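Since the structure comes first, as structure tokens, the remarks are kept for the end.
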Amino acid sequence: MKIVQRILPDGLAGRFAVLLITVLLAAGIAATALLFVQRGQSERNLREAREIERIASIVPALESAAPPLRRQIAHDASNRLTRYMIAPRPIVQDRREAPRPLRNLTASLAEALPGREIRGAVLSHRMSGPPPMGPRFETLAISVQLAHADGQPPLWLNVMSRGNWFRPPGARGTVVPAFLGLSLLSVLGVGLIFVRRLTRPLTGLARAARAAGHGDRNIRVSETGARELREAARAFNEMQDRIARFDADRMRMLAAVGHDLRTPITSLRIRAEMLDEEEAVPMIRTLEDMTVMVNGLVAYARGAGDGEESEMLDLGALLSRLCDERGANFLCRRNAYVTGRPVALGRAIGNVVDNARRFGTSAQVALSRDAETAIITVEDNGPGIPPDRLDAMFEPFVRGDESRNQETGGAGLGLAIARNIIAAHGGMITLENMPECGLRATVRLPLSTRPHD
């Protein structure tokens, strides 16, 4: 079973194609074999019937003719494949058990010529030819005893008929095999096209599911194809709608909570400032921390960029502007265009650049691309992050360990906001420590085609 799994293609289309090819080949071979068997049987039956009819008509003519004319009649009845001879002895001397088809033939002759002894045999031989030997042929030998008057010696009609009488026919002729082969190729071509059209929606569904797993709630699949595929696509689209509504409600709730918390925090700060400085300072510091968290919560809730229309974006121009505003170095190795919301993407990439500037002394931003994605890398020269905490840095309110700069502030929502926005654009963001020092953030976004391309 494991060997079969290794041989079979991995894709559903490939497996359908292998199944289709196997079934069609088996059906074609079976049909061809059956056709040749039936053709050979029909030819044999026709030839036997013709031979029986000729012998049955010659024997009475020979018996009624004068003895000098019998040999002439036999000679005139002979042709290229069958030879008739008059002899005092039968050519078939061996009376051992004959094959069943030959027994049927002699029985038919005995029924057509009652009262006469009939013998039959099949002689197999090869014609001379190049090594090892020439082709094999069979000769049908039949001896029929002619009726004779008392006191006269008996005479026999010996019949020698060449040809493959009782062997399966060979692949004679090319018209029928060519027709069957052409039919097989035509059906196979149509079947492969059908299989490709059948599995194409599955490929689109898998691609959409992968993007949805990365957080893209805008992607939908076309509800086309067979009924089962349409139902699967419809279920996926409904799931995306429900998740998008749930995310929108959750974000609106977070934004409302963050916004409503600002009023009591402001009121508490005013009251704290009225206290003695010794008592007010720690309270004000706590309230400032709470303000930072509330502002971050509101920014996180608004990170999806609700209400902003998507458009074609020149990533090189966007990154150049963001780096100029933040004092980061920018290198455009190869420009790229994506479809997205400019303000939301600017906020996401800006958060990543701000982190690099905050935890290091410089930030290096580079843009490149491959066949399908735009690649943005942001590197800093800071202390990096412990490897076991890299994935957790994208969770809300999670910051680096104490080795990072403690004076940087923030609520630990910058990367969470960036991940949500990038995922909503069908992309992904990853973090990795560089070999010597510093952290590298890599953003991948699906490419779009420029309007004039």
Side-chain angles (χ1 to χ4, degrees), residues 35-130 132-173 175-176:
L35 176 65
F36 275 104
V37 169
Q38 292 294 331
R39 175 186 175 185
Q41 185 65 40
S42 299
E43 290 180 354
R44 283 195 299 268
N45 292 339
L46 180 62
R47 188 172 181 183
E48 289 176 10
R50 186 169 58 247
E51 202 67 34
I52 291 172
E53 182 180 359
R54 294 187 66 187
I55 295 175
S57 61
I58 290 175
V59 168
L62 291 174
E63 291 175 342
S64 61
L69 297 177
R70 292 176 179 175
R71 296 184 184 276
Q72 184 63 38
I73 294 174
H75 180 271
D76 293 340
S78 301
N79 55 35
R80 184 173 58 88
L81 296 178
T82 305
R83 184 180 177 188
Y84 296 90
M85 300 170 292
I86 300 296
R89 290 186 299 274
I91 195 173
V92 180
Q93 300 290 338
D94 192 357
R95 296 192 178 188
R96 62 185 176 182
E97 187 70 16
R100 182 175 179 181
L102 181 57
R103 294 201 307 269
N104 294 337
L105 189 149
T106 54
S108 299
L109 276 176
E111 184 178 352
L113 299 171
R116 296 169 179 83
E117 182 180 355
I118 299 174
R119 303 179 185 180
V122 177
L123 309 177
S124 178
H125 62 91
R126 293 183 183 273
M127 295 184 65
S128 61
M133 294 185 71
R136 181 180 178 183
F137 286 92
E138 291 176 345
T139 298
L140 175 65
I142 298 177
S143 296
V144 180
Q145 187 180 33
L146 301 177
H148 59 285
D150 294 338
Q152 293 183 354
L155 293 178
W156 292 80
L157 173 64
N158 293 321
V159 182
M160 299 286 291
S161 181
R162 292 183 299 170
N164 297 324
W165 277 84
F166 304 114
R167 288 195 297 117
R172 293 167 295 177
V175 176
V176 173

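Just so you know, residue 1 is the first one in the sequence shown, and it goes up from there. Below, each value reflects all heavy atoms present in this structure, side chains not excepted, and no hydrogens, waters or symmetry copies. On a predicted model such as this, the values are computed, not experimentally measured, just so you know.
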If you round to the nearest 0.5 Å, how far is CG of L62 from CG of L155?
9.5 Å
State, yes or no, whether a side-chain contact exists between V92 and I142 at a heavy-atom distance under 4.5 Å.
no
Least distance between heavy atoms, M160 atom then I91 atom:
SD-CD1, 3.2 Å
R54 atom CZ, over 12 foreign heavy atoms within 6.0 Å:
yes
Hey, is the main chain of A147 close enough, under 3.5 Å, to the side chain of R116 for a donor-acceptor pair?
no
Please find the pair of heavy atoms, one from S78 and one from Y84, that lie closest to each other, and give the distance.
OG-N, 2.8 Å
Once rounded to the nearest 0.5 Å, what's the spacing between atom CD1 of I118 and atom CG of L113?
5.0 Å
Nearest heavy-atom pair of L81 and N79: which atoms, and what distance?
N-OD1, 3.0 Å
For the student: nearest non-hydrogen atoms of A65 and R70, plus distance:
O-NE, 3.3 Å
Spell out, as yes or no, whether a donor-acceptor pair under 3.5 Å connects the side chain of S143 to the backbone of N158.
no
Tell me the closest heavy-atom pair linking I86 and A74, and the distance in Å.
CG1-CB, 4.0 Å
Rounded to the nearest 0.5 Å, how far apart are CD1 of I55 and CG of L109?
5.0 Å
Shortest non-hydrogen pair, I58 vs L157, comes out as CG2-CD2, 4.2 Å
Which distance, rounded to the nearest 0.5 Å, do you find between the CZ of R71 and the CE of M85?
10.5 Å
